[in-house]
Amino acid sequence: MVSSDRPLFRAAALSLPLIFLGSHSALSQEAKSSDNQWIITLGGSVEYGPSYEGSKHLSFSGMPSFDFRRFGEAPEYGAPDDNIDYGLFDIGGVDIGPVVGLRGGRSAFDDSELQGLHSVQWNLDAGVFAQYWPIEDRLRVRAETRQALWGGDGLLADLSLDWFQPVGDRWLLSAGPRMSLANGAYMRNNFAVSAEEAAKSGRVAAFDANGGLKSVGFTVAATYTFSPAWSVQIYDKYNRLVGDAADSPITSRLGSADQNVIGITLSRSFQIGF
């Protein structure tokens, strides 16, 4: 499964809703499976949430969503905060493969109180995901580990547990807890304040952030299927920053440890051949 759900140039996952079977013409029942036929799902999302990680100010953002799978492969359920992935191996029922995502940034443009503090540039990250279904099509355990591709922005590891519940023929509900860990490079880049920055800012004290548990949270979503080609998903992603991420003056003095994002995604699927 490939799914995406992070805001463009802002942290927080690229995601897709349930993968559906494309347009009436391209994905008709008469279409035949072929090795060079693919199902592509494109979508767009609008989110309302913190302007940057740790912020208390809320803003709107847009994000793309993208999914692909071979025609004939069974679609899988996905959560709104899944990043873009593709399963390459199945080892004892554990699906493993590459995953990529977007990380957001911050600057004084997002919040004037950040004057004097270093900016955090948006970034791409890549790594490996693994997921397992203890109860097929109902309960999923998933882990992602992703390293920033440039700028020394560090390593993230996200763990999730989701329950998926179909309601009738058109609705799919999902919910589950979240936990995120980060190494020292990520924590310093996003939550540390040097003595020089503290002097320039005049609003915060110097702070050294170390790696470890970054946040815990919960994600819920509801997906509605209009047709084989069209679907819409609404969702809420809540995370509570903990440890050094919460203790940082960027969070505790200038922002908030409570990070909540609401969003809506509209998706369109179609079949293509190569």
Side-chain angles (χ1 to χ4, degrees), residues 1-29 31 37-51 58-71 73-86 99-104 122 124 137 140 142 144 158 160 162-176 178 217-239 259-272:
M1 183 189 70
V2 185
S3 61
S4 61
D5 161 295
R6 280 184 190 264
L8 186 59
F9 306 148
R10 191 161 68 84
L14 290 164
S15 76
L16 271 178
L18 178 64
I19 303 171
F20 300 100
L21 292 181
S23 65
H24 296 291
S25 59
L27 299 178
S28 64
Q29 294 181 352
Q37 298 295 308
W38 294 81
I39 304 300
I40 305 297
T41 302
L42 300 177
S45 299
V46 175
E47 291 191 339
Y48 184 65
S51 300
L58 305 178
S59 61
F60 285 98
S61 66
M63 69 171 184
S65 59
F66 172 72
D67 173 82
F68 68 95
R69 63 183 176 86
R70 288 187 181 277
F71 183 81
E73 288 182 349
E76 288 187 351
Y77 297 155
D81 46 2
D82 292 351
N83 281 290
I84 302 173
D85 64 51
Y86 189 74
V99 60
V100 297
L102 284 171
R103 297 187 187 182
W122 74 272
L124 293 171
D137 292 336
R140 185 192 71 169
R142 179 181 173 92
E144 296 184 12
D158 295 326
S160 62
D162 288 284
W163 179 266
F164 296 89
Q165 182 63 55
V167 179
D169 296 331
R170 295 184 178 272
W171 284 99
L172 175 70
L173 307 180
S174 67
R178 300 293 188 264
F218 201 84
T219 295
V220 297
T223 303
Y224 182 78
T225 308
F226 291 105
S227 71
W230 292 95
S231 66
V232 65
Q233 182 184 68
I234 57 175
Y235 54 88
D236 185 280
K237 301 181 293 182
Y238 170 77
N239 285 292
Q259 304 284 284
N260 192 70
V261 176
I262 58 174
I264 183 169
T265 300
L266 181 65
S267 296
R268 172 76 158 91
S269 298
F270 53 93
Q271 179 184 340
I272 64 172

**Student:** Which atoms form the tightest heavy-atom contact between P50 and V261, and what is the distance?
**Tutor:** CD-CG2, 3.8 Å

**Student:** Taking the side chain as every heavy atom from C-beta outward, state whether L42 and F270 have any atom pair closer than 4.5 Å.
**Tutor:** yes

**Student:** Atom CG of L173 and atom CZ of F164: how far apart are they, to the nearest 0.5 Å?
**Tutor:** 11.0 Å

**Student:** Would you check, one step at a time, whether the test side chain to side chain contact (heavy atoms under 4.5 Å, CB included) holds for L124 with V100?
**Tutor:** CA-CA 7 Å; L124 293 171; V100 297; over 6 Å; no

**Student:** Would the distance check show the side chain of R170 and the main-chain N or O of T225 forming a donor-acceptor pair, the cut-off being under 3.5 Å?
**Tutor:** yes

**Student:** Say you draw a straight line from CD1 of I264 to OH of Y235; how long is it, rounded to the nearest 0.5 Å?
**Tutor:** 9.0 Å

**Student:** Taking C-beta and beyond as the side chain, do V46 and F60 meet within less than 4.5 Å on heavy atoms?
**Tutor:** yes

**Student:** Quick one: are S160 and D162 in side-chain contact, heavy atoms under 4.5 Å?
**Tutor:** yes

**Student:** For R178 and G176, indicate whether the former's side chain and the latter's backbone hold a donor-acceptor pair under 3.5 Å.
**Tutor:** yes

**Student:** Just verifying a value: how many Å separate S231 OG and L266 CG, rounded to the nearest 0.5 Å?
**Tutor:** 7.0 Å

**Student:** Contact between T223 and Y77 at the side-chain level, heavy atoms closer than 4.5 Å - yes or no?
**Tutor:** no

**Student:** Taking only residues two or more places apart in sequence, or in another chain, which ones meet W171 in a side chain to side chain donor-acceptor pair (under 3.5 Å)?
**Tutor:** none

**Student:** Under a 4.0 Å threshold between the charged nitrogen and the carboxylate oxygen, would K237 count as salt-bridged to E47?
**Tutor:** yes

**Student:** Less than 3.5 Å apart, any donor N or O on the side chain of S59 or S51 sitting next to an acceptor on the other?
**Tutor:** yes

**Student:** Measuring from T265:OG1 to Q233:CD, what's the distance to the nearest 0.5 Å?
**Tutor:** 5.5 Å

**Student:** If I take atom CD1 from residue I234 and atom OH from residue Y224, how far apart are they, to the nearest 0.5 angstrom?
**Tutor:** 12.5 Å

**Student:** Could you measure the distance from the OG atom of S65 to the CZ atom of R268? Nearest 0.5 Å is fine.
**Tutor:** 13.5 Å

**Student:** Report the C-alpha separation of S267 and T41 in whole Å, then their side-chain angles, then the decisive distance to 0.1 Å, and conclude whether the side-chain hydrogen bond (donor to acceptor under 3.5 Å, both in side chains) test is met.
**Tutor:** CA-CA 7 Å; S267 296; T41 302; over 6 Å; no

**Student:** Heavy atoms only: give me the nearest Y238-N260 pair and the separation to one decimal.
**Tutor:** CB-OD1, 3.3 Å

**Student:** Before giving the answer on side chain to side chain contact (heavy atoms under 4.5 Å, CB included), spell out for R142 and D158 the whole-Å C-alpha distance, their side-chain angles and the decisive distance to 0.1 Å.
**Tutor:** CA-CA 8 Å; R142 179 181 173 92; D158 295 326; over 6 Å; no

**Student:** Main chain of V99, side chain of E144: is a donor-acceptor contact present, judged purely on distance under 3.5 Å?
**Tutor:** no

